[in-house]
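Notes follow once the structure below has been shown.
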Amino acid sequence: MHETAPLLQATNVTKKYHGEAVVKNISFETNTGQVTAILGPSGSGKSTFLRALALLEPIDGGEIRFEGQLVGQIQKRGRRVNASERQLASHRAAIGMVFQSFNLFPHMSVEQNITLALKVHRRGTTSENRHTADSILQKVGLSGFSTKFPSELSGGQQQRVAIARALALGPKIMLFDEPTSALDPELVREVLKVMESLAEQGMTMIVVTHEVGFAKNVASRAILFDRGEIVEDLPPEQFFSPGNSERTRTFLEHVL
Ligand SMILES: Nc1ncnc2c1ncn2[C@@H]1O[C@H](COP(=O)(O)OP(=O)(O)O)[C@@H](O)[C@H]1O
Ligand SMILES: [Mg+2]
(Lines give C-alpha, C1' and ligand atoms only; values in the text may rest on other atoms or scores of the structure.)
(Ligands and ions follow the chains in the order given, each with its own letter.)
Protein backbone atom coordinates (compact mmCIF):
# COMPACT_ATOMS: atom_id res chain seq x y z
CA MET A 1 0.00 0.00 0.00
CA HIS A 2 1.20 3.48 -0.89
CA GLU A 3 0.66 5.72 2.12
CA THR A 4 -0.09 8.80 0.05
CA ALA A 5 -2.26 7.18 -2.63
CA PRO A 6 -6.00 7.87 -2.69
CA LEU A 7 -8.16 5.01 -1.42
CA LEU A 8 -9.85 4.70 -4.82
CA GLN A 9 -8.72 6.46 -7.95
CA ALA A 10 -10.19 6.28 -11.44
CA THR A 11 -8.14 7.89 -14.19
CA ASN A 12 -9.58 8.58 -17.65
CA VAL A 13 -12.02 5.70 -17.32
CA THR A 14 -14.06 4.97 -20.41
CA LYS A 15 -16.72 2.30 -20.77
CA LYS A 16 -18.42 1.54 -24.06
CA TYR A 17 -21.49 -0.43 -25.01
CA HIS A 18 -21.85 -1.39 -28.67
CA GLY A 19 -19.01 0.92 -29.58
CA GLU A 20 -20.53 3.92 -27.86
CA ALA A 21 -18.95 5.43 -24.74
CA VAL A 22 -21.45 5.73 -21.88
CA VAL A 23 -18.71 6.65 -19.41
CA LYS A 24 -16.37 9.13 -21.05
CA ASN A 25 -12.86 9.59 -19.81
CA ILE A 26 -13.85 10.08 -16.17
CA SER A 27 -11.24 10.86 -13.55
CA PHE A 28 -12.32 10.66 -9.94
CA GLU A 29 -10.66 9.93 -6.64
CA THR A 30 -11.86 9.51 -3.11
CA ASN A 31 -10.16 9.18 0.24
CA THR A 32 -10.94 7.33 3.41
CA GLY A 33 -14.02 8.59 5.20
CA GLN A 34 -15.37 10.61 2.30
CA VAL A 35 -19.05 10.20 1.43
CA THR A 36 -19.79 11.09 -2.19
CA ALA A 37 -23.31 11.47 -3.54
CA ILE A 38 -23.72 11.02 -7.29
CA LEU A 39 -26.77 12.55 -8.90
CA GLY A 40 -27.77 12.85 -12.51
CA PRO A 41 -30.43 12.05 -15.06
CA SER A 42 -31.36 8.51 -15.99
CA GLY A 43 -29.04 7.04 -18.59
CA SER A 44 -26.15 9.38 -17.75
CA GLY A 45 -23.81 6.49 -16.87
CA LYS A 46 -23.99 6.52 -13.05
CA SER A 47 -24.59 2.78 -12.68
CA THR A 48 -22.05 1.93 -15.34
CA PHE A 49 -19.41 4.01 -13.57
CA LEU A 50 -20.22 2.41 -10.21
CA ARG A 51 -20.07 -1.09 -11.70
CA ALA A 52 -16.69 -0.25 -13.20
CA LEU A 53 -15.42 0.94 -9.80
CA ALA A 54 -16.76 -2.26 -8.24
CA LEU A 55 -14.81 -4.25 -10.85
CA LEU A 56 -17.99 -5.90 -12.06
CA GLU A 57 -17.27 -5.04 -15.67
CA PRO A 58 -14.04 -4.51 -17.58
CA ILE A 59 -13.37 -0.96 -18.75
CA ASP A 60 -12.39 0.10 -22.26
CA GLY A 61 -9.95 2.82 -21.36
CA GLY A 62 -8.13 4.30 -18.41
CA GLU A 63 -7.32 2.63 -15.12
CA ILE A 64 -8.59 2.10 -11.61
CA ARG A 65 -6.32 2.03 -8.59
CA PHE A 66 -7.14 0.94 -5.07
CA GLU A 67 -4.70 2.17 -2.42
CA GLY A 68 -2.36 2.90 -5.31
CA GLN A 69 -2.52 -0.60 -6.72
CA LEU A 70 -3.86 -1.22 -10.24
CA VAL A 71 -7.10 -3.23 -10.03
CA GLY A 72 -9.25 -4.89 -12.68
CA GLN A 73 -6.26 -5.11 -14.97
CA ILE A 74 -2.79 -6.52 -14.72
CA GLN A 75 0.47 -5.77 -16.46
CA LYS A 76 1.43 -8.71 -18.68
CA ARG A 77 4.54 -8.63 -20.89
CA GLY A 78 4.39 -4.87 -20.95
CA ARG A 79 0.70 -4.74 -21.81
CA ARG A 80 -2.43 -4.09 -19.78
CA VAL A 81 -4.87 -7.00 -19.81
CA ASN A 82 -8.04 -7.65 -17.86
CA ALA A 83 -7.42 -9.41 -14.57
CA SER A 84 -8.46 -13.03 -14.14
CA GLU A 85 -11.59 -13.90 -12.14
CA ARG A 86 -9.36 -15.01 -9.28
CA GLN A 87 -7.47 -11.72 -9.18
CA LEU A 88 -10.76 -9.83 -9.45
CA ALA A 89 -12.23 -11.77 -6.53
CA SER A 90 -9.46 -10.67 -4.20
CA HIS A 91 -9.74 -7.04 -5.30
CA ARG A 92 -13.53 -7.05 -5.06
CA ALA A 93 -13.38 -8.17 -1.43
CA ALA A 94 -12.34 -4.65 -0.45
CA ILE A 95 -15.35 -3.12 -2.20
CA GLY A 96 -18.94 -3.61 -1.00
CA MET A 97 -21.77 -2.96 -3.42
CA VAL A 98 -25.48 -2.49 -2.80
CA PHE A 99 -27.96 -2.46 -5.68
CA GLN A 100 -31.39 -0.98 -6.13
CA SER A 101 -32.95 -4.45 -6.35
CA PHE A 102 -31.57 -6.11 -3.24
CA ASN A 103 -30.60 -9.33 -5.08
CA LEU A 104 -30.70 -11.54 -2.00
CA PHE A 105 -30.66 -15.28 -2.58
CA PRO A 106 -34.29 -16.28 -1.94
CA HIS A 107 -33.50 -19.85 -0.93
CA MET A 108 -30.98 -18.79 1.70
CA SER A 109 -31.61 -17.48 5.19
CA VAL A 110 -30.48 -14.01 6.17
CA GLU A 111 -27.45 -15.52 7.87
CA GLN A 112 -26.58 -17.65 4.84
CA ASN A 113 -26.88 -14.62 2.57
CA ILE A 114 -24.48 -12.69 4.79
CA THR A 115 -21.95 -15.46 5.34
CA LEU A 116 -21.81 -16.79 1.77
CA ALA A 117 -18.94 -14.51 0.78
CA LEU A 118 -17.03 -15.50 3.92
CA LYS A 119 -17.39 -19.15 2.92
CA VAL A 120 -16.37 -18.50 -0.67
CA HIS A 121 -13.30 -16.63 0.54
CA ARG A 122 -12.62 -19.38 3.11
CA ARG A 123 -12.71 -16.94 5.97
CA GLY A 124 -13.66 -18.05 9.46
CA THR A 125 -15.28 -21.17 10.86
CA THR A 126 -19.04 -21.66 10.72
CA SER A 127 -19.43 -20.48 14.29
CA GLU A 128 -17.13 -17.48 13.83
CA ASN A 129 -19.09 -16.50 10.75
CA ARG A 130 -22.36 -16.81 12.64
CA HIS A 131 -21.00 -14.31 15.17
CA THR A 132 -19.87 -12.03 12.36
CA ALA A 133 -23.36 -12.17 10.83
CA ASP A 134 -24.97 -11.43 14.21
CA SER A 135 -22.78 -8.42 14.85
CA ILE A 136 -23.35 -7.01 11.35
CA LEU A 137 -27.10 -7.59 11.68
CA GLN A 138 -26.98 -5.53 14.85
CA LYS A 139 -25.31 -2.73 12.87
CA VAL A 140 -28.20 -2.64 10.40
CA GLY A 141 -30.85 -2.86 13.12
CA LEU A 142 -31.86 -6.46 12.40
CA SER A 143 -30.71 -8.39 15.45
CA GLY A 144 -32.54 -11.69 15.67
CA PHE A 145 -33.32 -11.90 11.96
CA SER A 146 -30.62 -14.41 11.03
CA THR A 147 -32.92 -17.41 10.47
CA LYS A 148 -35.53 -15.49 8.48
CA PHE A 149 -35.80 -15.81 4.70
CA PRO A 150 -35.93 -12.83 2.31
CA SER A 151 -39.61 -13.49 1.47
CA GLU A 152 -40.48 -12.92 5.13
CA LEU A 153 -38.95 -9.43 5.12
CA SER A 154 -40.12 -6.00 3.99
CA GLY A 155 -38.21 -4.28 1.20
CA GLY A 156 -36.47 -2.04 3.71
CA GLN A 157 -35.40 -5.03 5.78
CA GLN A 158 -34.20 -6.87 2.66
CA GLN A 159 -32.14 -3.89 1.63
CA ARG A 160 -30.62 -3.72 5.11
CA VAL A 161 -29.70 -7.40 4.79
CA ALA A 162 -28.12 -6.58 1.42
CA ILE A 163 -26.08 -3.88 3.17
CA ALA A 164 -25.11 -6.40 5.87
CA ARG A 165 -24.05 -8.86 3.19
CA ALA A 166 -21.92 -6.21 1.50
CA LEU A 167 -20.23 -5.52 4.85
CA ALA A 168 -19.40 -9.17 5.54
CA LEU A 169 -15.90 -9.18 4.08
CA GLY A 170 -15.00 -5.94 5.83
CA PRO A 171 -14.83 -3.69 2.76
CA LYS A 172 -12.87 -0.45 2.82
CA ILE A 173 -15.42 1.27 0.61
CA MET A 174 -19.14 0.83 0.03
CA LEU A 175 -20.83 1.64 -3.27
CA PHE A 176 -24.60 2.12 -3.35
CA ASP A 177 -26.61 2.30 -6.57
CA GLU A 178 -29.96 3.98 -5.84
CA PRO A 179 -30.40 1.86 -2.71
CA THR A 180 -33.82 3.30 -1.84
CA SER A 181 -35.34 3.74 -5.30
CA ALA A 182 -37.20 0.42 -5.26
CA LEU A 183 -38.66 0.96 -1.80
CA ASP A 184 -42.08 2.12 -0.72
CA PRO A 185 -41.71 5.67 0.64
CA GLU A 186 -42.28 4.65 4.26
CA LEU A 187 -39.33 2.23 4.11
CA VAL A 188 -36.78 4.65 2.69
CA ARG A 189 -35.85 6.22 6.02
CA GLU A 190 -34.76 3.01 7.78
CA VAL A 191 -32.31 2.29 4.97
CA LEU A 192 -30.97 5.85 4.85
CA LYS A 193 -30.51 5.72 8.64
CA VAL A 194 -28.32 2.64 8.36
CA MET A 195 -26.28 4.33 5.63
CA GLU A 196 -25.95 7.44 7.76
CA SER A 197 -24.69 5.43 10.71
CA LEU A 198 -22.12 3.73 8.45
CA ALA A 199 -20.95 7.16 7.34
CA GLU A 200 -20.71 8.30 10.95
CA GLN A 201 -18.52 5.30 11.69
CA GLY A 202 -16.11 6.52 9.04
CA MET A 203 -17.01 4.25 6.14
CA THR A 204 -15.96 5.56 2.73
CA MET A 205 -19.04 5.62 0.54
CA ILE A 206 -20.12 6.46 -2.99
CA VAL A 207 -23.87 6.71 -3.25
CA VAL A 208 -25.89 7.15 -6.43
CA THR A 209 -29.12 8.63 -5.15
CA HIS A 210 -31.99 11.00 -5.77
CA GLU A 211 -32.37 11.55 -2.03
CA VAL A 212 -31.43 15.20 -1.80
CA GLY A 213 -31.72 15.13 2.01
CA PHE A 214 -29.11 12.39 2.23
CA ALA A 215 -26.81 14.16 -0.22
CA LYS A 216 -27.12 17.41 1.72
CA ASN A 217 -26.87 16.07 5.24
CA VAL A 218 -24.62 13.02 5.03
CA ALA A 219 -22.42 13.43 1.95
CA SER A 220 -19.32 15.58 2.00
CA ARG A 221 -19.27 15.83 -1.77
CA ALA A 222 -21.93 15.98 -4.46
CA ILE A 223 -21.33 15.11 -8.09
CA LEU A 224 -23.55 15.61 -11.11
CA PHE A 225 -23.33 13.16 -13.97
CA ASP A 226 -24.52 14.08 -17.42
CA ARG A 227 -24.04 12.08 -20.63
CA GLY A 228 -21.22 9.98 -19.26
CA GLU A 229 -19.29 12.83 -17.70
CA ILE A 230 -18.86 14.50 -14.33
CA VAL A 231 -20.18 18.01 -14.92
CA GLU A 232 -20.23 19.23 -11.31
CA ASP A 233 -18.24 18.21 -8.22
CA LEU A 234 -18.85 20.38 -5.17
CA PRO A 235 -19.37 20.31 -1.42
CA PRO A 236 -23.14 19.72 -0.95
CA GLU A 237 -23.74 23.15 0.53
CA GLN A 238 -22.54 24.68 -2.74
CA PHE A 239 -24.06 22.03 -4.98
CA PHE A 240 -27.50 22.74 -3.55
CA SER A 241 -27.10 26.52 -3.31
CA PRO A 242 -28.33 29.04 -5.86
CA GLY A 243 -24.73 29.76 -6.86
CA ASN A 244 -24.32 26.39 -8.59
CA SER A 245 -24.13 25.92 -12.34
CA GLU A 246 -27.03 26.26 -14.74
CA ARG A 247 -26.85 22.55 -15.50
CA THR A 248 -27.08 21.53 -11.85
CA ARG A 249 -29.89 24.00 -11.25
CA THR A 250 -31.84 22.62 -14.19
CA PHE A 251 -31.34 19.07 -12.98
CA LEU A 252 -32.34 19.87 -9.40
CA GLU A 253 -35.46 21.70 -10.54
CA HIS A 254 -36.32 18.52 -12.39
CA VAL A 255 -35.92 16.13 -9.41
CA LEU A 256 -37.29 18.37 -6.65
N1 LIG B 1 -25.31 -3.84 -20.18
C2 LIG B 1 -25.56 -2.83 -21.04
N3 LIG B 1 -25.59 -3.04 -22.38
C4 LIG B 1 -25.82 -2.04 -23.24
N5 LIG B 1 -26.06 -0.77 -22.88
C6 LIG B 1 -26.05 -0.49 -21.58
C7 LIG B 1 -25.81 -1.49 -20.59
N8 LIG B 1 -25.87 -0.91 -19.36
C9 LIG B 1 -26.13 0.40 -19.59
N10 LIG B 1 -26.23 0.65 -20.90
C11 LIG B 1 -26.49 1.98 -21.50
O12 LIG B 1 -25.53 2.88 -21.00
C13 LIG B 1 -26.10 4.14 -20.73
C14 LIG B 1 -25.88 4.50 -19.27
O15 LIG B 1 -26.62 3.62 -18.47
P16 LIG B 1 -26.54 3.62 -16.89
O17 LIG B 1 -25.12 3.55 -16.47
O18 LIG B 1 -27.45 2.54 -16.40
O19 LIG B 1 -27.13 5.05 -16.53
P20 LIG B 1 -27.76 5.59 -15.17
O21 LIG B 1 -27.39 4.65 -14.09
O22 LIG B 1 -27.20 6.96 -15.00
O23 LIG B 1 -29.24 5.63 -15.39
C24 LIG B 1 -27.57 4.03 -21.10
O25 LIG B 1 -27.74 4.56 -22.39
C26 LIG B 1 -27.84 2.54 -21.08
O27 LIG B 1 -28.85 2.20 -21.96
MG1 LIG C 1 -28.62 3.59 -12.77
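Here, residue 1 is the first one in the sequence, and each next residue gets the next number. In listed order, ligands and their atoms are each counted from 1.
Taking NZ from K193 and CD from E200, the interatomic distance works out to 10.5 Å, rounded to the nearest 0.5 Å. Note: E232 CD to T248 OG1 = 3.5 Å, rounded to the nearest 0.5 Å.
The aromatic rings of H210 and F251 are tilted relative to each other, their planes meeting at an angle between 30° and 60°.
Ordered by chain and residue number, the residues placing a heavy atom less than 4.0 Å from ligand 1 are Y17, H18, V22, P41, S42, G43, S44, G45, K46, S47, T48, R51.
Atom CZ of F105 has 12 or fewer neighbouring heavy atoms from other residues, nucleotides or ligands inside a 6.0 Å radius. Few gaps surround CZ on R80; more than 12 heavy atoms of other groups in view lie less than 6.0 Å from it. In Q138, the CD atom is not crowded: 12 or fewer heavy atoms of neighbouring residues, nucleotides or ligands sit closer than 6.0 Å.
S47 lies close to the Mg ion (ligand 2), since one of its N, O or S atoms is found at a distance under 2.8 Å.
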